[in-house]
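Everything below concerns the one structure shown next.
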Amino acid sequence: MRFCIISLFFFAGVSISAQEVEEKTKIDFQGNYRVRAFNLGRDIYTSRQTPVTPYNRQQFLNQYNQQVAQSFQDELTARSKGLPTTTSPQKEDQTYYDTRMTLNMNFSTSKYFEALVGVQIGDIIFGGRGVTQTSTVGPGTGGQATFSSSVNMQTNFLYLNFKLPERGFSARVGLQLFTSAQGRVVFIPGTGVNLTKDIRDWNTTLEGGWFVAQQNNFTDLDKNSYSDKNYQGSNIYFYKIKTSFFNNAKHELYSFYLDDNLRDLQTVTGVYGTVSQTSESSDLFWHGLFNEFNFSDFTLVVHGIYNHGRVKSLNPYRDVNGNVVQDKYDLYNIKGGFFDTQLSYRYNESLSFTMMGSGSTGRPGFEKDGSRSNLHGNGYRTLLPGYSLSNIANDFTGGYALFSGKDMSGLYEYGLYSDIVLSGPLVLTVGYYRLYGTKSPLIDNNRFYNAENFYQTSAYFGQEYNLNLRYSAFRDMQILLRSGYFIAGNGLKAFLDTTHGTVLHELFVTAEHRF
């Protein structure tokens with residue numbers, strides 16, 4: 001497929017070279033500058049801190065009691081000597097400010113060729129990172145008064161766009177944004193090829209392409225200057241068919257295929273050691289059908305996704321205490337689904353209501369042997385999604401979030417929100433949401449939230465209240481106040497293995513200028 005794409009560009013270039021007249025290069029600049037004030041308060045964890053593997057209950061309790069006794073003794077010694085406390089409360093209340101700028105530059109030399117480069121500077125936190133955060137790269141660095149920490153600048157887009165306007169064809173090659181309907185399967189920058197063909201007589205658009213999610217061809221394990229692994233990586237292939245045969249209906253049929261033969265080991269750590277270790281390869285498909293219907297004041301969205309394929313995942317032999325005896329990979333057959341529905345009603349120009357619900361099949365969390373529950377039964381595997389349902393429970397827009405789209409296996413959320421135009425440029429959005437597990441998380445390997453401590457699992461993860469206020473001060477300037485208040489349920493505590501805390505709330509104010 002990749003050789004065909006290269007050949008396509010070669011012959012297309014030859015066919016238009018004779019008739020193309022060189023034009024003066026045109027440069028178009030677009031971007032935005034954002035400054036934000038952020039406040040967070042929470043007494044619950046946002047991720048699990050205890051291992052998910054089998055363990056010796058009595059051995060863990062002995063170690064835990066020793067840690068508690070030692071912490072008490074350290075605090076007593078420090079206080080008796082007039083030293084600062086050695087502990088901190090199990091809650092967080094922080095406020096910080098950050099800023100960033102994005103800039104997209106589009107270069108056009110003719111009606112056939114254009115190139116785009118997009119960069120982002122920041123996010124830069126006023127005063128730099130916290131004292132325990134020593135990273136000098138990535139978002140959040142910079143901002144320290146002595147310039148001792150670096151300023152982050154990253155490339156978001158870098159691609160060539162080849163167009164044949166007379167034939168309704170275009171091809172983008174390079175670093176670009178790849179998406180699926182509403183971002184439910186894919187919404188991620190990646191490097192690859194995207195081909196688009198418009199069939200105007202049928203009101204249809206065809207898309208297809210491929211991008212490399214991860215590359216591991218350049219590995220020299222023995223340092224002999226030769227790469228030892230060839231054709232190792234994660235490649236994603238896709239097609240989309242978008243149609244609109246009727247004025248009030250839009251449809252999109254699509255499929256994504258993941259060819260992943262990497263077995264990199266990924267380790268997640270917490271307060272009590274290694275939470276989980278995963279390594280897997282997979283051949284997985286996602287087939288989706290998106291429908292949007294518009295009836296006067298009503299808009300209905302119905303979207304379904306079927307996920308199937310095979311996964312070879314690390315599931316080592318363990319002894320009764322959970323210690324690894326020998327590594328092995330098990331084969332799992334995946335058959336899962338995702339639903340997405342939304343009904344909007346516009347009462348008048350100043351008031352509208354939207355009901356929504358999204359979720360997937362399977363069980364959240366881990367099994368008794370420590371493997372992920374979405375590998376079993378009707379578990380749904382995510383690819384590279386990017387979408388938000390509410391400000392805290394499922395979000396990827398820059399605040400604190402309990403889950404993102406890639407973590408929503410075995411979870412579903414539903415809710416209601418309303419947009420209210422208070423006056424011209426001022427819009428108020430209020431919402432209420434509930435988060436559930438499709439099945440209750442298992443607590444067989446929980447250290448704290450378990451039956452021995454008289455806790456029971458639940459499918460109820462919590463509820464959330466949202467309030468947003470958007471003020472369009474000028475055509476190119478807007479101010480946004482965004483807030484959320486989440487109250488945890490027993491399902492979330494079983495999922496995170498914690499008996500502590502109940503609330504997470506956030507509020508931030510953003511001023512954004514577009515140019």
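Being a predicted model, the structure only gives us computed values, none of them experimental.
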Near Phe295 CZ, under 6.0 Å, is it more than 12 heavy atoms from other residues, nucleotides or ligands? yes

Does the side chain of Thr278 pick up a donor-acceptor pair with the side chain of Glu280 at under 3.5 Å? no

Are the aromatic rings of Tyr412 and Phe461 close, with centres under 6.0 Å apart? no

With a 3.5 Å distance limit and no angle check, can you tell me whether His513 reaches the backbone of Asp476 through a side-chain donor-acceptor pair? yes

Is the distance between the ring centroids of Phe162 and Phe113 under 6.0 Å? yes

Side chains of Asn294 and Thr299, donor plus acceptor under 3.5 Å: yes

Over 12 non-hydrogen atoms of neighbours within 6.0 angstrom of CD in Glu92: yes

Is the Phe256 ring parallel, tilted or perpendicular to the Phe238 ring (thresholds 30°, 60°)? parallel

Chi angles and distances behind the side chain to side chain donor-acceptor pair (under 3.5 Å) call for Gln277, Thr267: CA-CA 5 Å; Gln277 286 187 324; Thr267 301; 3.2 Å; yes

Donor-acceptor under 3.5 Å (Ser404 side chain, Asp395 main chain): no

Do Thr204 and Leu206 have side-chain heavy atoms sitting under 4.5 Å apart? yes

Is there a donor in the side chain of Tyr159 and an acceptor in the side chain of Thr191, or the other way round, less than 3.5 Å apart? no

Have Asn161 and Glu114 got a donor and an acceptor in their side chains that come within less than 3.5 Å? yes

Can you establish whether the number of heavy atoms outside Lys250 located under 6.0 Å from its atom NZ is more than 12? no

If you count the non-hydrogen atoms of other residues, nucleotides and ligands that lie under 6.0 Å from CZ in Phe339, is the total more than 12? yes

With a 4.5 Å cut-off on side-chain heavy atoms, are Ser234 and Leu262 touching? yes

Salt bridge (charged side-chain N to carboxylate O under 4.0 Å, His left out) against Arg514, all qualifying residues, sequence neighbours excluded: Glu512

Give the ring-plane orientation class for His251 versus Phe293, where under 30° counts as parallel, over 60° as perpendicular and anything between as tilted. perpendicular

Going by atom types only, do Asn156 and Gln154 share a side-chain donor-acceptor pair under 3.5 Å? yes

Ignoring hydrogens and angles, state whether a donor on the side chain of Glu413 or Ser390 is under 3.5 Å from an acceptor on the partner side chain. yes

Derivation and outcome, side chain to side chain contact (heavy atoms under 4.5 Å, CB included), residues Leu314 and Arg263: CA-CA 9 Å; Leu314 178 65; Arg263 288 188 177 182; over 6 Å; no

Taking the six-membered ring for Trp, is the centroid-to-centroid distance between Tyr465 and Tyr432 below 6.0 Å? yes

Sidechain N-carboxylate O distance under 4.0 Å for Asp98, Arg34: yes

Could you please spell out the steps behind the side chain to side chain donor-acceptor pair (under 3.5 Å) verdict for Gln214 and Asp260? CA-CA 9 Å; Gln214 190 175 356; Asp260 180 12; over 6 Å; no

Check whether Ser352 reaches the backbone of Ser418 with its side chain - one donor and one acceptor, N or O, closer than 3.5 Å. no

Any donor-acceptor N or O pair under 3.5 Å, side chains Asn261, Ser281: no

Residues Asn468 and Arg482: side-chain donor-acceptor under 3.5 angstrom: no

Asn203 versus Ser244, side-chain donor and acceptor atoms under 3.5 Å: no

Within this structure, what is the CG-CD distance for the pair Leu40 and Gln94, rounded to the nearest 0.5 Å? 5.0 Å

Does atom CG of Asn247 have more than 12 heavy-atom neighbours, drawn from other residues, nucleotides or ligands, at distances under 6.0 Å? no

Does atom OH of Tyr306 have more than 12 heavy-atom neighbours, drawn from other residues, nucleotides or ligands, at distances under 6.0 Å? yes

With Tyr257 as reference, evaluate Phe211, Tyr239, Phe285 under the ring pair (Phe, Tyr, Trp, His ring centres under 6.0 Å) test and give the passing residue. Phe285

So Trp286 and Leu383, do their side chains get closer than 4.5 Å, heavy atoms only? yes

Tyr387 and Asp340: side-chain donor and acceptor closer than 3.5 Å? no

Could you label the plane-to-plane angle of the Tyr347 and Tyr345 rings as parallel, tilted or perpendicular, counting under 30° as parallel and over 60° as perpendicular? perpendicular

With a 3.5 Å cut-off and no angle check, do the side chains of Asn291 and Glu252 form a donor-acceptor pair? no

If only atom types and distance count, is the side chain of Lys240 paired as donor or acceptor with the main-chain N or O of Thr179 below 3.5 Å? yes

Closer than 3.5 angstrom, by distance alone: can the side chain of Glu464 be matched with the main-chain N or O of Gly462 as a donor-acceptor pair? no

